[in-house]
Amino acid sequence: MLKVCKFGGTSMADAKAIKQVADIINADKDRRYVVVSAPGKRFKEDIKVTDLLIKCYNDVLRNGECKETFSVIRDRFIGIVKDLGIDFDINSVLDETEKEIVENSSLDFSASRGEYLMARVFAAYMNVPFVDAKGLIRFDSKGRLNESYTYDKTKMKLEGLEMAVIPGFYGKNSQGNIKTFSRGGSDITGSLIARAMGADIYENWTDVNGFLVCDPRVVANPKVIKFLSYQELRELSYMGASVLHSEAIFPLVKSKIPVNIRNTFDPSQEGTMIVPNDYYANVKPDIITGIAGLKDFTVIYIEKSLMNEEVGFVRKVLSVIEQHGICFENIPSGIDTISIVIASKALENGVLNDVVSEIRESVSPDFIRVIENISLIATVGHGMATKAGVAAKLFNALAKENINIKMIDQGSSELNIIIGVSNTDYEKSIKAIYNEFID
Ligand code: ASP
């Protein structure tokens with residue numbers, strides 16, 4: 001059995017947390033390759049090391065140096081090394097890093113140093129080899145991940161090692177410079193290492209008990225989702241649920257490697273298992289798996305008799321949207337109606353008016369209406385496809401609370417039902433759906 005583990009920023013935030021991480025790794029000899037994030041927040045007002053490093057980059061741009069901001073990072077790592085009680089010359093590594101940040105003046109290089117420093121320190125503490133991600137993860141000349149190169153190189157470099165500590169979040173581009181993933185990207189590093197090494201499981205250790213059925217700011221203490229399919233994860237992440245980076249799943253799909261979300265601060269919890277879609281039948285899913293949502297959408301509702309017989313109608317409408325460089329979220333449609341759902345932000349500064357008049361000109365609709373301040377709420381679950389009456393139950397729950405549903409879209413995968421409600425009904429709707437389906 002081979003487990004690849006990734007520990008997030010709060011798990012590496014201070015020596016106390018880091019010692020817990022070491023205990024977790026030492027408790028299971030299968031945990032062999034460990035990816036770490038930069039130290040995150042220790043308390044609410046604290047600043048993540050990555051954010052401090054980004055500030056260092058901006059300081060250098062402005063003043064040619066970053067002494068003051070870097071001293072905060074310096075103190076943080078010196079404190080960690082001291083509290084871990086290791087004999088590691090952190091001062092020299094920090095001096096070298098500060099010099100490189102000043103001389104290199106690249107945002108990605110600066111931002112990546114939190115992971116680099118943390119992995120150096122943690123490898124010393126665990127007394128296992130440090131393997132730099134710049135030798136494993138490779139981006140091509142267009143900045144895209146070069147997967148096959150990454151898998152080959154990683155396998156070659158790690159195969160002979162019993163254990164290794166690897167910094168998350170970055171790799172090297174085709175010019176040999178450091179390039180980072182988007183924020184939270186250490187999750188992707190972990191997935192790539194898991195795939196390259198053919199891991200049996202990818203453990204992603206964070207500071208929560210797993211993926212929650214819905215946002216805990218909306219429903220107090222929601223249940224933890226025990227099993228989630230890759231596909232459900234995509235739907236929930238897209239709609240705003242964040243525990244794992246939304247791109248972290250892609251490297252795992254082909255090899256069907258499950259991800260286990262675990263809590264460093266409560267390792268007795270089993271967490272959430274994210275499994276390939278076809279394993280799902282074996283785990284007897286609940287009717288619904290999760291509820292996620294986003295606020296602030298605009299719906300452009302278009303009506304035209306015999307729209308269904310007019311060749312190119314939808315294309316003409318969508319080309320107006322396309323010409324403005326806008327993405328749409330959903331397009332629920334009926335025989336004579338179509339609604340285009342767009343994030344309101346994309347329609348600011350007069351764009352909405354332009355779009356509506358151009359649609360009028362282009363397809364001469366009988367009626368066109370704009371509905372603003374809409375929230376989208378996705379209720380997601382494989383079980384929904386096979387259970388009769390799920391939609392009825394959902395709509396009943398909302399009706400009981402007098403919530404006016406302004407739009408309904410059941411995706412063709414039958415994996416989710418998306419409803420549009422007014423922003424002011426957002427919290428109330430999620431609570432109503434949660435209470436109806438989850439006991
Ligand atoms: N340290 C990086 C960030 O704060 C990457 C990560 O933690 O995954 O986004």
Side-chain angles (χ1 to χ4, degrees), residues 4-14 17-18 20-21 33-58 66 69-70 72-74 76-77 80 94 97 101 106-123 130-134 136-137 139 143 145 150 165-173 178-195 202-208 211 233 237 240-252 259-265 274:
V4 167
C5 309
K6 178 256 165 177
F7 291 87
T10 38
S11 305
M12 307 311 284
D14 57 20
I18 294 168
Q20 267 167 285
V21 169
Y33 303 120
V34 180
V35 173
V36 295
S37 276
K41 291 186 181 197
R42 294 158 293 182
F43 43 89
K44 204 163 167 258
E45 301 75 28
D46 202 10
I47 306 175
K48 289 180 176 187
V49 164
T50 308
D51 290 316
L52 289 167
L53 286 160
I54 292 170
K55 185 160 185 306
C56 282
Y57 167 75
N58 289 318
C66 58
T69 311
F70 197 80
V72 183
I73 299 168
R74 190 178 280 278
R76 190 104 189 249
F77 278 101
I80 289 175
L94 286 163
T97 304
I101 289 174
S106 128
L107 175 60
D108 283 25
F109 179 81
S110 292
S112 73
R113 293 303 88 184
E115 272 70 12
Y116 170 79
L117 291 166
M118 191 62 247
R120 292 282 310 264
V121 170
F122 191 60
F130 160 82
V131 178
D132 199 343
K134 81 170 184 227
L136 309 180
I137 292 170
F139 297 91
L145 180 75
T150 298
V165 175
I166 303 132
F169 192 35
Y170 70 92
K172 190 167 73 174
N173 68 14
I178 296 290
K179 177 171 164 53
T180 61
F181 292 108
S182 56
R183 296 297 302 267
S186 299
D187 286 342
I188 307 175
T189 310
S191 294
L192 293 169
I193 308 287
R195 164 78 184 270
Y202 169 30
E203 289 183 341
N204 192 290
W205 291 82
T206 170
D207 57 358
V208 290
F211 225 99
L233 172 78
S237 309
S242 64
V243 174
L244 191 70
H245 192 292
S246 61
E247 288 163 36
I249 214 69
F250 297 121
L252 306 171
V259 189
N260 192 189
I261 308 284
R262 300 284 297 266
N263 189 351
T264 298
F265 306 97
I274 304 168

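Note that ligands are numbered from 1 as they come in the structure, with each ligand's atoms numbered from 1 the same way. As the structure is a computational prediction, the values presented were derived from the model and not from experiment. Start at 1 with the first residue, then count along the sequence.
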With distance as the sole criterion, is a donor-acceptor pair present between the side chains of H245 and S191 under 3.5 Å? no

Please identify which atoms of ligand 1 are closer than 4.0 Å to at least one heavy atom of [X].
{"X": "S186", "answer": "5 (C), 6 (C), 7 (O), 8 (O)"}
{"X": "S37", "answer": "6 (C), 7 (O), 8 (O)"}
{"X": "R183", "answer": "3 (C), 4 (O), 9 (O)"}
{"X": "G184", "answer": "3 (C), 5 (C), 6 (C), 8 (O), 9 (O)"}

For the residue pair R113 and F109, would you count it as a cation-pi contact if the rule is NZ or CZ under 6.0 angstrom from the ring centre and within 45 degrees of the ring axis?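 Yes, R113 lies over the aromatic ring of F109.
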
For atom 2 (C) of ligand 1, what is the nearest protein heavy atom, given as residue, atom name and distance?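 Atom 2 (C) of ligand 1 sits closest to the protein heavy atom E115 OE2, 3.4 Å.
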
Centroid separation Y116 to F130 less than 6.0 Å: yes

Take a 6.0 Å sphere around NZ of K48 and say whether it holds more than 12 heavy atoms from other residues, nucleotides or ligands. no

Between W205, Y33, F122, which is the residue that forms a ring-ring contact (aromatic ring centres under 6.0 Å, His included) with F7?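 Going through the options one by one, the only one that passes is W205.
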
Measuring from atom OG1 of T180 to atom CD1 of I54, what distance do you get when rounded to the nearest 0.5 angstrom?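 Reported to 0.5 Å precision, the distance equals 8.0 Å.
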
Kindly confirm or rule out an N or O of K6 lying under 3.5 angstrom from an N or O of ligand 1. no

Does G168 reach ligand 1, in the sense of a heavy atom lying below 4.0 Å from it? no

